[in-house]
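To start, the structure under review is shown below, and the notes come after it.
Letters A, B, ... are given to chains in the order of the sequence lines, protein chains preceding strands, and every chain is numbered from 1. Just so we're clear, the structure is a prediction, and the values are computed from it rather than from any experiment.
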2 protein chains.
Amino acid sequence: MTIQDDTPNDANGNRAADNVVRALSESIYSGELPVGAPIPSEREIVEKFQISRTVAREAVSILSSKGLIDARPRYRPVVRQPDLDAALGVMGGLVQHMLSRPGGVKQLFDTRIFVETGLVRAAATDATKDDISNLRAALEANGECLDDSNRFFETDVAFHGALYMIPGNPVFPAIHRSFSDWLGGQWGMMPRKPDRNRRNHDAHQAIFKAILSRDPDEAEAELVSHLQDAWAQVADTFDGV
Amino acid sequence: MTIQDDTPNDANGNRAADNVVRALSESIYSGELPVGAPIPSEREIVEKFQISRTVAREAVSILSSKGLIDARPRYRPVVRQPDLDAALGVMGGLVQHMLSRPGGVKQLFDTRIFVETGLVRAAATDATKDDISNLRAALEANGECLDDSNRFFETDVAFHGALYMIPGNPVFPAIHRSFSDWLGGQWGMMPRKPDRNRRNHDAHQAIFKAILSRDPDEAEAELVSHLQDAWAQVADTFDGV
DNA sequence: TGCTCTTTTTGGTATGACTAAAAACAAAAT
DNA sequence: ATTTTGTTTTTAGTCATACCAAAAAGAGCA
């Protein structure tokens with residue numbers, strides 16, 4: 001199985017747009033085109049690179065798909081801040097792919113367990129007072145809507161999201177939002193009952209307690225138990241996927 | 001001929017190509033267009049959806065950027081297997097973004113430490129005999145080129161790569177390849193000396209030993225120590241980035 | 001200064017044409 | 001009959017032009 005052939009997109013014969021893409025990319029990375037600034041209009045690009053508007057449009061399209069610019073329809077594309085949102089969009093594509101593979105849903109969920117395992121361990125050892133109070137607030141908010149499944153779902157996501165904030169690394173919030181988007185779509189429409197809410201909230205409390213007592217092993221155990229239980233609740237929905 | 005009854009875009013902000021993209025996406029996800037099959041030619045798309053070739057091309061371009069199809073220049077685009085390669089391309093984009101942020105390199109490296117921490121812990125608890133022998137082979141290959149820095153770098157990457165294989169989840173090899181691509185570009189051209197190779201190899205051995213003795217805490221400690229040391233070796237190269 | 005109203009610019013789309021490469025086909029040679 | 005070679009058709013890539021509608025910019029007025 002050859003897994004070596006092409007990197008991002010270009011393998012062999014360069015498209016005419018590739019040169020334009022490279023030049024504009026450098027302008028962006030070098031800061032010549034600062035964040036938020038509109039990129040040259042398509043007609044200016046035509047003029048500058050001596051290519052047709054077709055190619056100019058394709059170049060803009062590629063820049064957009066790479067996340068370097070923000071192109072709303074009918075607006076001048078602007079240089080995008082390479083931040084969480086960009087990463088989010090990219091991760092969203094990954095999630096989409098995972099969901100379309102056989103077993104992809106399970107693999108994606110396992111990945112989530114893997115990530116959050118590391119997060120709760122890190123939380124147990126490194127969480128600051130602020131982190132703790134954020135977690136506590138999220139937990140309490142979660143406990144206050146055991147009877148409102150929609151709000152419970154939101155606060156559930158928020159509680160897990162608080163874990164992703166702890167390392168202070170913007171990669172993690174981006175990952176969380178990708179997972180959340182997926183969950184919001186696939187999970188949100190699932191039948192949820194108050195007793196399940198209570199069970200999940202209890203699990204959240206156990207995780208929080210373990211973090212509070214600075215016990216990474218316990219936190220990990222509770223987290224894994226919680227997520228495996230959550231998976232079991234919906235596994236049959238994704239049978240064979 | 002003036003076209004009067006066209007549907008430019010349905011009030012919202014949707015491009016005309018979006019409908020085509022949606023329809024083709026469904027054909028792909030439903031299996032109507034199986035993996036490896038060529039998608040309809042641009043002119044067939046024009047015919048089918050009653051749109052101009054411009055729009056058809058844009059739709060194909062979007063599908064390509066989403067990774068649903070594999071579009072080499074001048075070849076008929078084929079439905080892409082939504083697998084590691086797709087994920088790789090996506091992750092590559094994420095890495096690109098991280099590298100262009102202030103502090104992004106460090107954050108990316110921290111993410112790597114986070115991931116590999118989880119991996120060695122999992123290895124220490126779950127590794128099978130096969131996993132162990134793979135690790136051992138990678139370690140030995142690594143130890144045999146202490147004096148050949150290029151080959152040492154390759155086997156170094158391979159050793160870490162063996163860790164990413166252990167969970168049996170294709171997400172991890174994809175992540176590893178993304179990191180490796182980055183390392184191959186940024187790291188590979190760094191001055192490397194035999195004494196550093198030895199130090200890194202010793203660290204690899206320590207990690208392997210901890211995995212062998214089924215001690216996740218020790219494995220984590222050795223891994224973190226190893227990677228932090230590796231970071232220190234090159235941190236000044238990325239000062240302020 | 002603040003507001004409307006026009007003018008210009010710009011992105012989105014349509015159409016037609018041309019080129020080089022790939023694919024499909026046919027014919028010839030073994 | 002099978003392989004090789006040559007020819008035709010199809011197709012992606014590109015270019016040029018044109019039109020429309022929306023956005024941005026400017027002009028005019030209050």
Side-chain angles (χ1 to χ4, degrees), chain A residues 5-6 8-24 27-28 33-34 36-80, chain B residues 1-24 27-28 33 36-80:
Chain A
D5 39 18
D6 66 334
N9 51 1
D10 72 335
N12 33 14
N14 296 359
R15 293 173 172 81
D18 291 345
N19 296 322
V20 183
V21 168
R22 199 174 323 117
L24 289 178
S27 295
I28 292 175
L33 289 174
I39 67 172
S41 76
E42 295 177 357
R43 287 170 177 83
E44 283 171 337
I45 295 175
V46 166
E47 171 86 10
K48 189 173 214 168
F49 295 92
Q50 295 291 309
I51 39 80
S52 74
R53 193 153 161 242
T54 306
V55 175
R57 280 185 61 77
E58 173 146 349
V60 172
S61 167
I62 291 175
L63 285 175
S64 176
S65 78
K66 286 192 171 190
L68 270 69
I69 61 175
D70 218 341
R72 298 141 59 202
R74 296 222 155 265
Y75 285 74
R76 178 84 78 87
V78 295
V79 176
R80 170 145 59 173
Chain B
M1 170 190 290
T2 55
I3 292 82
Q4 204 70 337
D5 63 333
D6 57 355
T7 27
N9 39 11
D10 45 14
N12 303 354
N14 296 351
R15 295 171 172 81
D18 290 346
N19 296 323
V20 183
V21 169
R22 197 174 326 114
L24 289 178
S27 296
I28 292 174
L33 289 173
I39 68 171
S41 76
E42 296 178 354
R43 286 169 177 81
E44 283 171 336
I45 295 174
V46 166
E47 172 86 9
K48 190 173 214 166
F49 294 92
Q50 293 292 307
I51 39 79
S52 73
R53 189 152 165 248
T54 308
V55 175
R57 279 186 61 77
E58 173 146 351
V60 172
S61 168
I62 292 174
L63 285 175
S64 175
S65 78
K66 287 194 172 188
L68 271 68
I69 61 176
D70 216 340
R72 297 139 63 203
R74 297 225 156 262
Y75 285 73
R76 177 86 76 91
V78 294
V79 176
R80 170 144 63 171

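Spacing between atom CZ of A:R72 and atom C1' of C:dG11 amounts to 13 Å, rounded to whole angstrom units. At whole-Å resolution of the value, CG in A:D18 and C1' in D:dG13 are 12 Å apart. Atom-to-atom, CD of A:Q50 to C1' of D:dA16 comes out at 14 Å; the value is rounded to the nearest Å. The distance from atom CZ of B:F49 to atom C1' of C:dT13 is 17 Å, rounded to the nearest whole Å. Distance, B:E58 CD to D:dT14 C1': 16 Å, rounded to whole Å. Spacing between atom CG of B:L63 and atom C1' of D:dA12 amounts to 15 Å, rounded to whole angstrom units. Summarising the geometry, the separation between CZ on A:R74 and C1' on C:dT13 is reported as 9 Å, rounded to the nearest angstrom.
Looking at residues 37-46 of chain B, you'll see B:S41, B:E42, B:R43 sit with a heavy atom under 4.0 Å from some atom of DNA chain D.
Counting only heavy atoms from C-beta outward, the side chains of B:V20 and B:L63 never approach each other to under 4.5 Å. Side-chain contact between B:S27 and B:V79 is absent, with no heavy atoms from C-beta onward closer than 4.5 Å.
Nucleic acid contact class of A:R57 (heavy atoms, under 4.0 Å, all strands): base. A:R53 comes within 4.0 angstrom of a nucleotide base, judged by non-hydrogen atoms across all strands.
Note that the CD atom of A:Q50 and the CG atom of A:N19 stand 13.5 Å from one another [nearest 0.5 Å]. In this structure, CZ on A:R57 lies 11.0 Å from OG on A:S64, to the nearest 0.5 angstrom.
Closest to the A:Y75 side chain, of the nucleotides C:dA23, D:dA23, C:dT13, is D:dA23. With distances taken from any side-chain atom of A:R76 to the nucleotides C:dT10, D:dA12, D:dC15, the minimum falls on C:dT10. Set against D:dT11, C:dT13, D:dA16, the side chain of A:T54 has D:dA16 as its closest nucleotide. For B:P77, counting side-chain heavy atoms from C-beta on, the closest listed nucleotide (C:dA23, D:dA12, C:dT13) is D:dA12.
Using a distance-only test at 3.5 Å, with no hydrogens or angles considered, a donor-acceptor pair links the side chain of A:R76 to the main chain of A:I39.
By the 6.0 Å contact criterion, CD on B:E47 is open, its count of non-hydrogen atoms from other residues, nucleotides or ligands being 12 or less.
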Verdict with reasoning, B:V60 to B:I45, per side chain to side chain contact (heavy atoms under 4.5 Å, CB included)
CA-CA 10 Å; B:V60 172; B:I45 295 174; 4.0 Å; yes
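Residue A:S52 places at least one side-chain N or O under 4.0 Å from the OP1 or OP2 atom of D:dC15.
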